[in-house]
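Just so it is clear: chains get the letters A, B, ... in the order the sequence lines come, proteins before strands, and each one is counted from 1. Everything quoted here is computed from the prediction, not taken from an experiment.
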Protein chains: 2
Amino acid sequence: MDVAHSRVLEVGIPVACRSCQARHGVVCGALSNSQLRELGRHSLRRTVGAGCEIIAQGSESSSYSNIMRGVVKLCKVMPDGRQQIVGLQFAPDFVGRPFVRESTLSAEAATDAEICVFPCNLLDRMISEAPELQRSLHDQALKELDAAREWMLTLGRRTAGEKVASLLYLIATHAEPQTATSTDFDLPLSRAEIADFLGMTIETVSRQMTRLRKSGVIRIENFRHIIVPDMDELERMISA
Amino acid sequence: MDVAHSRVLEVGIPVACRSCQARHGVVCGALSNSQLRELGRHSLRRTVGAGCEIIAQGSESSSYSNIMRGVVKLCKVMPDGRQQIVGLQFAPDFVGRPFVRESTLSAEAATDAEICVFPCNLLDRMISEAPELQRSLHDQALKELDAAREWMLTLGRRTAGEKVASLLYLIATHAEPQTATSTDFDLPLSRAEIADFLGMTIETVSRQMTRLRKSGVIRIENFRHIIVPDMDELERMISA
DNA sequence: CGGGGCTTTGAGGCAACTCAATTCAGGTGG
DNA sequence: CCACCTGAATTGAGTTGCCTCAAAGCCCCG
């Protein structure tokens, strides 16, 4: 498809969608122009600060979202306060649990983020009308499942050092700016959040980070900014 | 739908399907009679012994399966031999990764099992032709994702004792015979497999089992048979 | 009865946790 | 501009829960 032709196709869609990060993402990329218009009519762009809760665990949610910018963490907490991050989502991912209203987890902005919110009912209806959309969401669900299972291996069988290396590698390969070498990036998570993702304590995370720093695998600037001189070296620390 | 009418509908389907455990499962329950006939023509019922590998990690698989009887475990192993079970599937679940041929995990019969095997190509084609089937598989994928995330919480944040209780509870609530109280069952897993599921060692599993036994929460007969006098008591050991 | 696999039990060690103190960066007000 | 405060991160010391290694018990099966 050439550029001029693609321009023409863009005419019929909502203005706000034309330059949207999620325009060709899981949901919107699978819609016809008329469906996109309908969804656009009922959707709301929202800017949320880091830490803002988008969906609360145990609540009835009536809306889904697309991530336009930023990182969202999916969390589960136990009654006694223990907490585990069970997924990280980056733009332009879809956030929500089709077909089920009550949420078994919370979704929270890990960084400042922009999201596009729309009603569950509308999307659920579109899903049953548009096989293309069903397929696309099915595909994201399967990818999330693959990622969850990969992470189960990390949680169950890797050492603290390997866990931290795994997370840094995950973030490096999903970081947004797509720098040439994807060799330096800002951590979207605090040490406490990293601990919650890896199933360990803040202190152990910190110790393992300084171990990686002292062994020259990474450099750390200002706590949040990580530089990886050699990605292969980092990958080797994961031992798989 | 009354019984007589339902009988009539059953006439057009393959003989082998009529009394099949998976007949109304994720895949076959979503097919029309003619699709069921076509799938039946290309499918193969197989009896496999405990320990038999159905799909190998890293291999190109060209077939999917339905579980008709038994339990299948999904496994990931690291190059150095460390191993993690990332999912358990019971009859009449579907086993396979739609849309992707190379498997990132292995599927292995945990108990003696009967499975119904059919070609990927055929089902993939049916998926794109039958929205009902796509929806059904999408639904199973989302349920597996929910289960995987629940298990991530167990792996990352629960103690050894809570982990064992979680597994016993999981199996009790998924056990096949559906005994009146679902209060006693055979473990489909050896101690080594339980350890691989929970991310711990055989010895720790054993110690936690005897701790549960001595505190009266469970009784153990012949290593594999578990009796739970009071399910609420077991649930309380999970502490969530 | 004797061997082999699986499970349990015991003793000791180590990796990760807990508790506590210190450092660091950024913001605020004098 | 500096003193102070606050929250996050690091570092240290001591403890503990789970792992490792080793031995013994149990059950099936020939």
Strand-adjacent residues in residues 195-207 of chain B, judged by heavy atoms under 4.0 Å from DNA chain D: Gly199(B), Met200(B), Thr201(B), Glu203(B), Thr204(B), Arg207(B)
If each of Thr210(A) and Arg157(A) is mapped to the nucleotide of DNA chain D with the nearest heavy atom, which maps nearer the 5' terminus, i.e. the 5' end? Thr210(A)
In whole Å, I'd like the distance from the CD1 atom of Ile194(A) to the C1' atom of dA8(D). 12 Å
Salt-bridge test for Asp196(B) and Arg157(A): reply yes if a basic N is under 4.0 Å from a carboxylate O, no otherwise. yes
Expressed in angstrom and rounded to an integer, what is the separation of Lys214(B) atom NZ from dT9(C) atom C1'? 9 Å
I need the CG-P distance between Leu155(B) and dC18(D), as an integer number of Å. 13 Å
Going by the angle between their ring planes, with limits at 30° and 60°, are Phe118(A) and Tyr64(A) parallel, tilted or perpendicular? perpendicular
Given atom CZ of Arg213(B) and atom P of dC26(D), what is their separation to the nearest angstrom? 12 Å
Ser239(A) and Glu162(A): which non-hydrogen atoms are nearest, and at how many Å? OG-OE2, 3.3 Å
How many whole angstroms separate atom CZ of Phe223(A) from atom C1' of dT23(C)? 8 Å
Heavy-atom closest pair, residues Gly199(B) and Lys163(B): O-NZ, 4.2 Å
Run the salt-bridge test on Glu150(B) and Lys143(B) with the 4.0 Å N-O cut-off and return the result as yes or no. no
Separation of Arg211(B) atom CZ from dT9(C) atom C1', in whole Å? 16 Å
Distance in angstrom units between His225(B) NE2 and dC28(D) C1', rounded: 19 Å
Looking at Ile85(A) and Lys73(A), what are the two nearest heavy atoms and their distance? CD1-CD, 3.9 Å
Any side-chain heavy atom of Arg191(B) within less than 4.5 Å of one from Met209(B)? yes
Going by heavy atoms closer than 4.0 Å, what residues in residues 159-168 of chain B are next to DNA chain C? none
Could you check whether Asp146(B) pairs with Arg97(A) (Lys NZ or Arg NE/NH1/NH2 to Asp/Glu carboxylate O, under 4.0 Å)? yes
If you check every side-chain atom of Gln208(A), which of dA16(C), dT8(C), dA25(C) has the closest atom? dA16(C)
Flag the pair Leu168(A) / Val228(A) as yes when at least one side-chain heavy-atom distance between them is below 4.5 Å, and no otherwise. no
Can you tell me how far C1' of dA9(D) sits from CG of Leu212(A), to the nearest Å? 16 Å
